[in-house]
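Have a look at the structure below, then the notes.
Since the structure is predicted, the reported quantities are computational estimates derived from the model, not experimental observations.
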Amino acid sequence: MSFYFLIVVLSSCTGLGKITDEQYLITKNTIQFNEKSKIANFKKINTELSDEIIPKPNGKILWMRPRLAFYNTISESKKQKGLKYWLKNKIGKAPALLDEEICTKLDQTFQNRLYHKGYFNAISEHEILKKKRIAKIIHHVDPKQNYLIDTLLFPKVVDQVTSAIFASKQNSLIKKGTSYNLDLLKSERERIDEELKNKGFYFFDNEYLLFQVDTATGNHNVKLKMIIKSDSPKEAGQIYHFDKILVAEDFRLENYNPDTTQIGNYTILSTSHYMKSKIFLNSVLFDKNDIYSREKHNNSIRQLMGLGAYKFVNIKYGEINQEDSTINALFSLTPSQKMSVSTELNATSKSNNFMGPGLKLSYKSRNFLRGAEVLSVNFNGNFEKQVTGKGAGDTAYEFSVDTNLDIPRTIPFKLKKTNRPFLPTTSINLGGGIFSRVSLYQFNTLNTGLEYNLRKNQYITHVLRPIDISLTNLSNTTPEFEEYLLQNPSIRQSFEEQFIVGLSYNFIINHLVDKSKDQYYMNIGLDPSGNLISLLNQITTGHKTSPENPIIVFGAPVSQYFRIRGDFRYYFKTGKESIIATRLFGGMGVPYGSSSVMPYVKQFYSGGTNSLRAFRARSIGPGIYQSPESVTNFLIDQTGEIKLEANMEYRFPIAKYLKGAFFADTGNIWLVNEDPLRPGGKFDSRKFYKELAIGLGFGLRIDVDVAVLRFDWAFPIRKPWLPEGDRWTFDTFDILNSKWRKENLLWNISIGYPF
């Protein structure tokens, strides 16, 4: 009780208790531009200048400054660590006190920043408004006229380096009429340096390039002249070729006494002949007499690391001969540990009230067949028990084995050396699993497939599975469950033993690497099944398939369907550590030919920890349908062939490892065809938007970089199964009522972010 009393006292405090009459607490520190219209990229420049403001004003909630009050209340810690230090300096925040000298320096900083953006005559002056012990600071900024680039003169061609610079002119980042910008000039130097490095100028450096700026042309224009520093070293202007290339394929720092083998133009150093030489040499992109290239240097490292068998890859250049401009290269490849075994023990708490422990055992063998193959075997086991709700006491268990062989090349095609950053990968997998709801049924799966992963560049990946085969089987059903299936023919058909033979393709764009700007991600997947077998059957028998005349393979009917999925995410950066994360998911599957329903494992469902968090998993839809009380515990009839879902989440920092989030989720699933036993489940383009479920919530995340532990509290504000006109539930909101909390407030625990 005393803890809550302390929080109330702190929250009611203005934080001015320890501010003396000679001090002023800064409550506002802003920038006002005289003419925003004069500034190109105003939003970006305003953000850049605002980031320079120090000290930042103390945050205020109504009349309260809780973080400042926390800081003032807790005494100083003798050590810069521990709970006391963390509470005072991480939860609390020191007072932002007025210092007029800092204000003057800030004005100078603003003028310098604008000068480098081409506002050579910018002026910044500050105004301080004082009242009692509070001060407000306003920086009045007048950018004046912006200077534009009129011309850029490249160095006169007198040797091979100036010739190479002049040849790169067509790729210049500097265009006539562009605003003068120091960052642009730096980028131009880096561009030229990169092009020269790829043309053999090993010793060239962008610091050897200078720009002379002439503002005397008038009309607020500038002329730029690029020159090479007069004291640049002679070797900076020479093109270097390779003489010897050595590859230490099993390098180690201590007691390394390798044998030497000559293979073509390469000298191989090895003590164990760890890997077949043709595999790693395919990723050594330099050859004798090749000119040096920074691009090939980087791509060689990426490809060698992409083999998955090496822990470190290093390239050293030595024995430089300046007379004939040659260099030697040594590739040092340090193998990873060949075999590893890991164990992971976890506990789950699902939104369907099932809880229990889980165990994962993983075995990995690198360079499995001395061709950089990686063999992975994963054993997964989970045991769960329903702790509350209808069916409390029911148990479920799951056991699965998944074996995967990753091969860093395209099988069965011949190895081909290419100057690309990423190697194609072939994966062969074989797996199976058993899922059992002890009081209802056991569901068995067996799957195998062949997959090609082709990463085009840093952002674009193609994933093709030309062979994707799985067999599903329902067994050990109880009389209660059999009775349910007899009453629900479409559900029974989706559970029947089926042979799924198809392919899949995913096109992925991933721009989540650069966290300094807005990020986005897109994954579009196509998943047809049964097409080829159906065509072969028609050619050989002359009969078309139908639900009454299906194709039988290994005693099971072949499933035919076409499914498409799209996952689109965009992350708006709103602050240094805060973002608005959005996701839109859409999917549709259409059965045809010998199938009248989609296989159960290929259908969509909604609700749960990574979906609509205000609703339990598989508890929404299809459409406005709601499972009868007698079967809600089955959680199997609320699936469909169409899914639409949208999520939005505002993520913000609270403390070093503690993050917070406010979120909203909406969506539902639908059926392609009418099902009399699931009324209201068919998709109707005229009214589907009226059938969306909506939930709101708040979350806490413990983010320690390597893992994220997520806690989400959510409640529904729109229930599609209620009569139209009663679906919005704002009027029933009563968080202080225990009955309302039991029926509406859902607590989710999960690992990782939902999207």
Of all residues at least two apart in sequence or in a different chain, which pass the side-chain contact (heavy atoms from CB on, under 4.5 Å) check with Pro466?
Leu450, Tyr452, Leu464

Between Arg437 and Ala396, is there a donor-acceptor pair closer than 3.5 Å when you use the side chain of the first and the backbone of the second?
no

Over all atoms of both residues, closest heavy-atom pair of Gly371 and Asn367
N-OD1, 3.3 Å

Is it true that atom CZ of Phe312 has more than 12 heavy atoms of other residues, nucleotides or ligands lying nearer than 6.0 Å?
no

Separation between CG of Leu736 and CG of Asp734, rounded to the nearest 0.5 Å
6.0 Å

Kindly indicate whether the side chain of Phe379, heavy atoms from C-beta on, has any atom under 4.5 Å from the side chain of Leu359.
no

Residue pair Gly623 / Glu691: nearest heavy atoms and the distance that separates them:
CA-OE1, 3.8 Å

Positive for ring pair (Phe, Tyr, Trp, His ring centres under 6.0 Å) with Tyr441, one of Tyr484, Phe481, Tyr600:
Phe481

Side chain to side chain contact (heavy atoms under 4.5 Å, CB included) assessment of Ile500 paired with Val601
CA-CA 10 Å; Ile500 303 173; Val601 293; 4.2 Å; yes

More than 12 non-hydrogen atoms from neighbouring residues, nucleotides or ligands closer than 6.0 Å to NZ on Lys364, yes or no?
no

Please name all residues satisfying side-chain contact (heavy atoms from CB on, under 4.5 Å) with Tyr605, sequence neighbours left out, ordered by chain then number.
Arg618, Thr639

Could I get the full list of ring-ring contact (aromatic ring centres under 6.0 Å, His included) partners for Phe698, not counting sequence neighbours?
Phe662

With Arg569, which residues qualify under salt bridge (Lys or Arg N to Asp or Glu O under 4.0 Å), at least two apart?
Asp567

How about Phe443 and Phe435: are their ring centroids closer than 6.0 Å?
no

Please step through side chain to side chain contact (heavy atoms under 4.5 Å, CB included) for the pair Asn453 and Thr461, ending with a clear verdict.
CA-CA 7 Å; Asn453 189 301; Thr461 302; 3.5 Å; yes

Nearest-0.5 Å distance, OH of residue Tyr571 to CG of residue Asp518
12.0 Å

Looking at side-chain heavy atoms only, is the closest gap between Leu474 and Leu485 below 4.5 Å?
yes

Can you name the closest pair of heavy atoms from Gly308 and Val374 and give their distance?
O-CG2, 4.1 Å

Side-chain (Thr426) to main-chain (Ile411) donor-acceptor, under 3.5 angstrom
yes

side-chain hydrogen bond (donor to acceptor under 3.5 Å, both in side chains) pairs touching residues 368-378, sequence neighbours excluded, are Ser362-Asn378, Glu373-Arg409

Could you tell me how the ring of Phe507 sits relative to the ring of His462: parallel (under 30°), tilted (30 to 60°) or perpendicular (over 60°)?
tilted

Residue pair Ile669 / Gly640: nearest heavy atoms and the distance that separates them
CD1-N, 3.6 Å

Can you list the residues that meet the side-chain contact (heavy atoms from CB on, under 4.5 Å) rule with Lys739, with sequence neighbours excluded?
Asn737, Glu743

Would you say that Leu503 contacts Asp468 through its side chain, given a criterion of any heavy-atom pair below 4.5 Å between the two side chains?
no

Are Arg366 and Asp406 ion-paired here, with the side-chain N under 4.0 Å from a carboxylate O?
no

Distance check, rounded to the nearest 0.5 Å: Tyr274 atom OH versus Tyr310 atom OH?
6.5 Å

Those residues at least two apart in sequence (or on a different chain) that pass side-chain contact (heavy atoms from CB on, under 4.5 Å) with Ser365 are Lys338, Met339, Tyr363, Phe368, Leu375

Sequence neighbours excluded, the answer for ring-ring contact (aromatic ring centres under 6.0 Å, His included) partners of Phe572 is Tyr570

Would you give the length of the straight line joining atom CG of Leu692 to atom CG of Asn668, rounded to the nearest 0.5 angstrom?
6.5 Å

Verify the distance criterion only: is there a donor paired with an acceptor across the side chains of Gln442 and Asn444 at less than 3.5 Å?
yes

Is any side-chain heavy atom of Glu641 closer than 4.5 Å to one of Val590?
no

Using side chain to side chain contact (heavy atoms under 4.5 Å, CB included), reason through Tyr561 and Val597 one step at a time and then give a plain yes or no.
CA-CA 8 Å; Tyr561 64 85; Val597 297; over 6 Å; no

Going by heavy atoms in the side chains, are Met598 and Val672 under 4.5 Å from each other?
no

Would you say Phe688 and Leu644 make side-chain contact, with heavy atoms under 4.5 Å?
yes

Shortest non-hydrogen contact between Ser606 and Ser611, atoms and distance
OG-OG, 3.6 Å

Less than 3.5 Å apart, any donor N or O on the side chain of Arg710 or Asn610 sitting next to an acceptor on the other?
yes

Should the pair Arg613-Asp712 be classified as a salt bridge under the 4.0 Å nitrogen-to-oxygen rule?
yes

Side chain Asp402, main chain Gly431, donor-acceptor under 3.5 Å:
no

Can you find a pair of side-chain heavy atoms, one from Thr729 and one from Leu722, that are under 4.5 Å apart?
yes

Residues in salt bridge (Lys or Arg N to Asp or Glu O under 4.0 Å) contact with Glu645, at least two apart in sequence or another chain
Arg583, Lys643

Pairing residues for Lys719 by the salt bridge (Lys or Arg N to Asp or Glu O under 4.0 Å) criterion, not counting sequence neighbours
none

When you compare the side chain of Ser436 with that of Asn476, does any pair of heavy atoms fall below 4.5 Å?
no

Got more than 12 heavy atoms from elsewhere within 6.0 Å of CZ, Phe652?
yes

Between Asp665 and Asn647, is the side-chain hydrogen bond (donor to acceptor under 3.5 Å, both in side chains) condition met? List the steps.
CA-CA 4 Å; Asp665 305 317; Asn647 314 84; 2.9 Å; yes

Any side-chain donor-acceptor pair under 3.5 Å between His511 and Tyr520?
yes

Below 3.5 Å, can you tabulate the donor-acceptor pairs from side chains in residues 521-529 to any protein atom, sequence neighbours excluded?
unit_1: Tyr521; atom_1: OH; unit_2: Asn523; atom_2: ND2; d: 3.3
unit_1: Asn523; atom_1: OD1; unit_2: Asn506; atom_2: ND2; d: 2.8
unit_1: Asp527; atom_1: OD2; unit_2: Arg563; atom_2: NE; d: 3.3
unit_1: Asp527; atom_1: OD2; unit_2: Arg563; atom_2: NH2; d: 3.2
unit_1: Ser529; atom_1: OG; unit_2: Val501; atom_2: O; d: 3.3
unit_1: Ser529; atom_1: OG; unit_2: Ser559; atom_2: O; d: 3.2

Residues that Arg718 engages under salt bridge (Lys or Arg N to Asp or Glu O under 4.0 Å), provided they are two or more places apart:
none

Non-hydrogen atoms of Ile620 and Gly667 that approach each other most closely
CG2-O, 4.4 Å

Assess the residue pair Arg616 and Leu746 against the criterion (side chain to side chain contact (heavy atoms under 4.5 Å, CB included)); give the C-alpha distance rounded to whole Å, side-chain angles, the decisive distance to 0.1 Å, and a yes or no.
CA-CA 8 Å; Arg616 290 180 172 83; Leu746 204 61; 3.7 Å; yes

For the pair Arg455 (side chain) and Gln458 (backbone), establish whether a donor and an acceptor sit closer than 3.5 Å, ignoring hydrogens and angles.
yes

